[in-house]
Amino acid sequence: MLEKIKESISEAENFQAKSIEEVEDFRIKYLGKKGLLNTYFAEFKKVPNDQKKDFGQTVNRLKQVAQEKVDALKEALAIKEEASVYGDLTRPGEPIALGARHPISQVKNQIIEIFSRIGFNVSEGPEIEDDWHNFTALNLPEHHPARDMQDTFFIQTDPDVLLRTHTSSVQVRYMENNTPPIRTISPGRVYRNEAISARSHCFFHQVEGLYIDKDVSFADLKQTLQYFTQALFGKSKIRLRPSYFPFTEPSAEVDVYWGLETETDYKMTKGTGWLEIMGCGMVDPNVLENCGIDPKEYSGFAFGMGIDRIALLLHQISDIRLLSENDIRFLKQFKSVL
Ligand code: DAH
């Protein structure tokens, strides 16, 4: 009997199947209710005691071999079937064309990352704005001549509804809805009716920054900007030129010292070594008041910059229109994970 079982084991070991039906027949033959295994187990009673151990072990071995055979054959046949449906699965994959973020989004994300390191959060506001948030609250009342600095698209005939001309509108919304300390940056798209200028596409992107707390000073502003230019451009030499914005007092334009090492430096900086990168200033007390913050208790600074312009500088792109034409040959050069 023992010999017979051993024979069954070697038969099972050598069994091959071409179809799932053959595997099933094999399973029934060995492991089925009336299969070999149960037949052998039934013999167990008759086996003399001194041989029981050997017998039991051999039958169990058969059970194991048969079960493993069934599993292995089933898996092999399933893979074969899949291959006939899907083709050869072991072939190397086809390359998939990966997209990349637009350089403007990349630079925006870089700026966000740099300011988030020093505790600024990100806030956003609507692109369709009302007069209050875009102008009046920012110390630009109706008929104020400074409104002419930003030629505005109005929506339909309602002079109260417009496409925001700058992201400074978001600082108003943020101050209205939050209490100091405030540290926020607001990136977004802005619109100006400047068909004659180089920005013939009428929209561009800005990041607005706002910091309001007790005892915030101009020195804090300068230090923050220095940190920023160092982190983004690797350059921390900056200068602040007195300027005018209705929503800040005092106001300044920020230039970063780019250097005059290469011919491109000469071209970019028009031979001066300096590049203008943003506007800034101490938030005008009127603006704080308009937004429900007590200017006697709090002070703060704000700054605003054009992302498109920064992207040009950072990547030495010669024409701003390239940023909105979406020519794939141009965009391909900015593959990045940011
Ligand atoms: N809103 C200004 C513009 O669009 C940029 C700006 C300048 C924003 C100075 C500021 C600032 O917050 O303080 O030209």
May I ask you to decide whether [X] forms a salt bridge with [Y], counting only side-chain N to carboxylate O separations under 4.0 Å?
| X | Y | answer |
| --- | --- | --- |
| R241 | E276 | yes |
| R239 | D255 | yes |
| E13 | R61 | yes |
| R27 | E24 | yes |
| K18 | E22 | no |
| R173 | E129 | yes |

**Study point:** Centroid-centroid under 6.0 Å between F218 and F301 rings
**Key:** no
Check your understanding: Is the F334 to H315 ring centre distance short of 6.0 Å?
Key -> yes
Closest approach of [X] to [Y] (non-hydrogen atoms, all atoms of both residues):
| X | Y | result |
| --- | --- | --- |
| S123 | P187 | O-CD, 3.7 Å |
| L314 | L232 | CD1-O, 3.7 Å |
| W132 | N290 | CZ2-O, 3.5 Å |
| D215 | D220 | O-OD2, 3.8 Å |
| T167 | V190 | N-CG1, 3.6 Å |
| G279 | E253 | CA-OE1, 4.3 Å |

Side chain to side chain, [X] and [Y], heavy atoms closer than 4.5 Å:
| X | Y | result |
| --- | --- | --- |
| P250 | M282 | yes |
| V70 | F26 | yes |
| F245 | C280 | no |
| R309 | L275 | yes |
| T262 | K267 | no |
| I277 | M305 | no |
| N193 | T152 | no |
| L62 | Y30 | yes |

Exercise for review: Check the pair T58 / K6 against side-chain contact (heavy atoms from CB on, under 4.5 Å), numbers first and verdict last.
Suggested key: CA-CA 7 Å; T58 316; K6 283 183 178 156; 4.0 Å; yes
Practice item. Check the pair L323 / H102 against side-chain contact (heavy atoms from CB on, under 4.5 Å), numbers first and verdict last. Key: CA-CA 8 Å; L323 290 174; H102 193 281; 4.2 Å; yes
If we ignore hydrogens and angles and just use 3.5 Å, is the side chain of [X] paired with the main-chain N or O of [Y] as donor and acceptor?
| X | Y | value |
| --- | --- | --- |
| K52 | F44 | yes |
| K235 | W258 | yes |
| S105 | R101 | no |
| N38 | K34 | no |
| T248 | S251 | no |
| K74 | I20 | no |
| S186 | E124 | no |
| N134 | D130 | no |

Do [X] and [Y] sit in the same hydrophobic cluster, where Ile, Leu, Val, Met, Phe, Trp and Tyr count as joined when their side-chain heavy atoms come under 4.5 Å apart?
| X | Y | result |
| --- | --- | --- |
| L313 | Y257 | no |
| I238 | L260 | no |
| I128 | V170 | no |
| I28 | L77 | no |
| F135 | Y244 | no |

I need the [X] [atom1] to [Y] [atom2] distance, nearest 0.5 Å.
| X | Y | atom1 | atom2 | result |
| --- | --- | --- | --- | --- |
| R321 | D308 | CZ | CG | 13.5 Å |
| L2 | Q57 | CG | CD | 10.5 Å |
| Q16 | K69 | CD | NZ | 5.0 Å |
| I317 | L312 | CD1 | CG | 5.5 Å |
| S299 | D284 | OG | CG | 12.5 Å |
| E289 | I293 | CD | CD1 | 11.0 Å |

How about [X] and [Y]: does a side-chain donor come under 3.5 Å of a side-chain acceptor?
| X | Y | answer |
| --- | --- | --- |
| Y40 | S8 | yes |
| S168 | E208 | yes |
| Q110 | Q106 | no |
| S236 | T229 | no |

Exercise for review: Could you give me the CA-CA distance, side-chain angles and deciding distance for R183 and N121, then say whether side-chain contact (heavy atoms from CB on, under 4.5 Å) is met?
Suggested key: CA-CA 6 Å; R183 266 189 244 114; N121 65 8; 5.8 Å; no
Practice item. Determine the interplanar angle of the F115 and F228 rings, folded into 0 to 90°, and report it as parallel if under 30°, tilted if 30 to 60°, perpendicular if over 60°. Key: parallel
Is the number of heavy atoms from other residues, nucleotides or ligands within 6.0 Å of [atom1] ([X]) greater than 12?
| X | atom1 | result |
| --- | --- | --- |
| E81 | CD | no |
| Y266 | OH | no |
| E261 | CD | no |
| E75 | CD | no |
| R117 | CZ | yes |

Point to revise | Identified ring-ring contact (aromatic ring centres under 6.0 Å, His included) counterpart of H166 within the set F247, F204, Y191, F203 | key: F247
Check your understanding: Please walk me through it: do W274 and V256 pass side-chain contact (heavy atoms from CB on, under 4.5 Å)?
Key -> CA-CA 6 Å; W274 292 95; V256 61; 5.8 Å; no
